[in-house]
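All chains are named by letter (A, B, ...) in the order of the sequence lines, taking the proteins before the strands, and each is independently numbered beginning at 1. No experiment lies behind these values; they were computed from the predicted model shown.
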Amino acid sequence: MVIGWILIGAIVLGVLWGVAAYNGLVRSRQELKSAWSQIDVQLKRRHDLIPNLVEAVRGYLTHERETLEKVTQARNQAVRADNLKDKAQAENFLTQTLRSLFAVAERYPDLKANQNILVLQEELTSTENRISFARQFYNDQTMRFNTAIETVPTNLIANLTGFNKVEFFEIEDPAQREVPSVKF
Amino acid sequence: MSFTFVEIEKSKTHTITGLFWTLVVLYLISTYALVWSFRLFLGASLQGSFLQILTIVAIALLAATIHWFFSTYQLVSRMLVAVRARSLDPGDTYHARLKNVIEEVSVAVGGSIVLEPYVISTPAMNACAVSDFSGRSAIAVTEGVLARMNRAQLESVVAHEATHIASGDSLTKSVFCGLFALHEEALKRFSGLFSSRSGLDLLLGRTGVWIAFSLMILWIVHAARRLCEPLISRQQEYRADALAVRLTRDPLSLAEALRLIAGHWRGVGTYGESLSAIFILDPGIERLSEKEGWQADLFSTHPPTEHRIEILLGMAHVGQDEFDSRRMQPPQYHQDPVPSRVPQPSGSDTRWFVWLDGDWQGPWPLERLSELGTLKPDTWIRQQAQAKASPAYQDPFILQMLQTRYGYSGPVAGITPRICPRCRVALTSVLYEGVTLDECPACRGCLVNRDQVSRVLIREEYSFSDSITRLAQTIEAIANPQRVAKRYGDFPFSAMKDQQCPVCGASMVRKFYTLAYLVEVEQCWMCGLTWFDRDELELLQCLYERQVPEDRRAV
């Protein structure tokens, strides 16, 4: 009789724990979604800034049409990308082309004097930082989520209810980990 | 160390509850003491009935609750007023950078908290964070920090403050300051009124009584604050440093920033030292803050700065010696000369004689005058038929012609522009040291308010031309502020009848900017706007910078 009660108690406790763990997982998945939308917002900010930047420097960089075109192209590609992998790839490519644009711009001292471009430079630096911060936050959340669904005992609930591991938003080449330094 | 803010939230509510109950106990003790002394005075028995004790407890609870709500109501705005914070100037590039940095950091903590950016208009160096129960949070940074720190250092300071807000330390500290420090500051100002023997003194007569009374309350509030200080742990600063590094991944910049702040005036005197808990470094250099031990742990709100830097250097794997030697390197100056400021986007048959090269020349029609580059707003002109000569700006046709020449094409969106008090030409907006100023396109003088002057003074984007440096040296060599002060008294000025303030229309007064910096300027006696003639602002800036020792300048 007593053992029966203990068993029933244990089962009830187990079910309660299971519900709590499931809710916790759902919550962190929601947090992941909002972290991802933050990256999206910042990426969009960058996409919106780039046409302005290209327009502003076009007058100075008359001999660098190719570089400018590449940036525009990379930007359009990044806007079109929809799944995570493509997006990461396109954004990496965009970062690369931006970096080459800034390297080229180093050679034009006139650019330094232009106030509009200095303002744009500040905005772009800020956007690059925001993207990397948003990515950092997203990856931190991803790590917490992945750890939760792979460790005992939450992995039982995760397997039962079909939670899958989430990919990191990563930059593949470690040499590119640094934010491009935006300097004219 | 956990970075989920829900978990940290729990410890924060404990401290806040603790603060409330301490307040209740304080009121209980004081009510009881009052009743007790009253009875003693009347000669009644000291034994109170149960009902009486209950009443005392109820009164104490009520008083504490009233005190609590009164003190935490609109806490953020009141704290911001107390530290003299102002909202950002949209035309200022340094402020734009601060806004961006704060938004970046808010992205880094997950984007769930809105951080309002503010600046404190002082050349001192410090930063603070405040929040209240309504969920409002603000970060305020001094102009000194904006001018002297690079982006990475600013970012780490803001990150430190943001983690204070996110972890709820800032709420606890703000409530703590709201309960006692804000009242203490107000009382200090109140008793300061008497000690300076001002008008109130004459008004009230019995000064001594008032001083004694306000000092007594001041002492009680002060004692209460000291009593509650152990609830504010100095460990919170270590934790905020660590969390800030976790956000920015840049411990070295935070170490540099702390060193920079520690080496400068931290603003004691500008904002009350009883508010020190909310700042990144203690504004007053309190000896206790720099000490270890249980007493310091209990009663100090900030841990030793050197120890904080040591921990950060440990994270960055940089040795103390290496760090110190880096600091000793002479700072890199921008060697660009002052650029000519680039303006930014903001008829009849009569003939005139123009006074050029010591002779009347002409008469010329308006079209010819417009081609005459040497014609300035203050050049003497005379209409053909008249004998009276006047400055060019007094003639409406010529003034209009000059306006067009300087790129002014009529009021934009119905806003009449500010007019140069000398040339009567519309002023244009220019950017100098990151501040948007109104400059006259003709005489290159500029109109600046006090806030903007203090910003320009501490920023060092451009070096000065040789002539300005020489002029500054001459002024330093021959000027004797004491003698000037003796001769002119506190207000060396003479009113300029024909020069009006471009904004409020009151007359401008000619005076030295301050007796410490003998640069003559025109100042509006109503609104305090200052007119600097060409190069005078640079001269003032040069004089100011020459007073700052080499190793303290912006890096």
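- Under the ring-ring contact (aromatic ring centres under 6.0 Å, His included) criterion, B/His95 pairs with no residue, sequence neighbours left out.
- Of the atoms belonging to A/Ala35, not a single heavy atom falls under 4.5 Å from chain B.
- Note: A/Gln136 leads A/Glu123, A/Gln136, A/Gln141 in heavy-atom pairs under 4.5 Å with chain B.
- The distance from the OG atom of A/Ser132 to the CD atom of B/Glu104 is 8.0 Å, given to the nearest 0.5 Å.
- A/Ile3 CD1: 12 or fewer foreign heavy atoms inside a 6.0 Å radius.
- Atom CZ of B/Arg86 sits in a sparse spot, with 12 or fewer heavy atoms from other residues, nucleotides or ligands closer than 6.0 Å.
- Looking at A/Gln42, the atoms closer than 4.5 Å to chain B (heavy atoms on both sides) all sit in the side chain, from C-beta outward.
- Side chains of B/Arg151 and A/Asn129 form a contact here, defined as non-hydrogen atoms less than 4.5 Å apart.
- Separation of atoms CD (A/Gln38) and OG (B/Ser106) is listed at 7.0 Å; rounding is to 0.5 Å.
- Side-chain contact between A/Phe133 and B/Glu103: absent, with no pair of heavy atoms (C-beta onward) separated by less than 4.5 Å.
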**Request:** List the steps and the verdict of side chain to side chain contact (heavy atoms under 4.5 Å, CB included) for A/Arg130 and B/Asn100.
**Result:** CA-CA 9 Å; A/Arg130 283 171 210 220; B/Asn100 274 336; 2.9 Å; yes
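- A/Lys70 NZ: 12 or fewer foreign heavy atoms inside a 6.0 Å radius.
- Note on A/Glu122 versus B/Lys99: no salt bridge recorded, every NZ/NE/NH1/NH2 to OD/OE distance being 4.0 Å or above.
- Counting only residues at least two apart or on different chains, the ring pair (Phe, Tyr, Trp, His ring centres under 6.0 Å) pairs with a member in residues 143-164 of chain A are A/Tyr22-A/Phe163.
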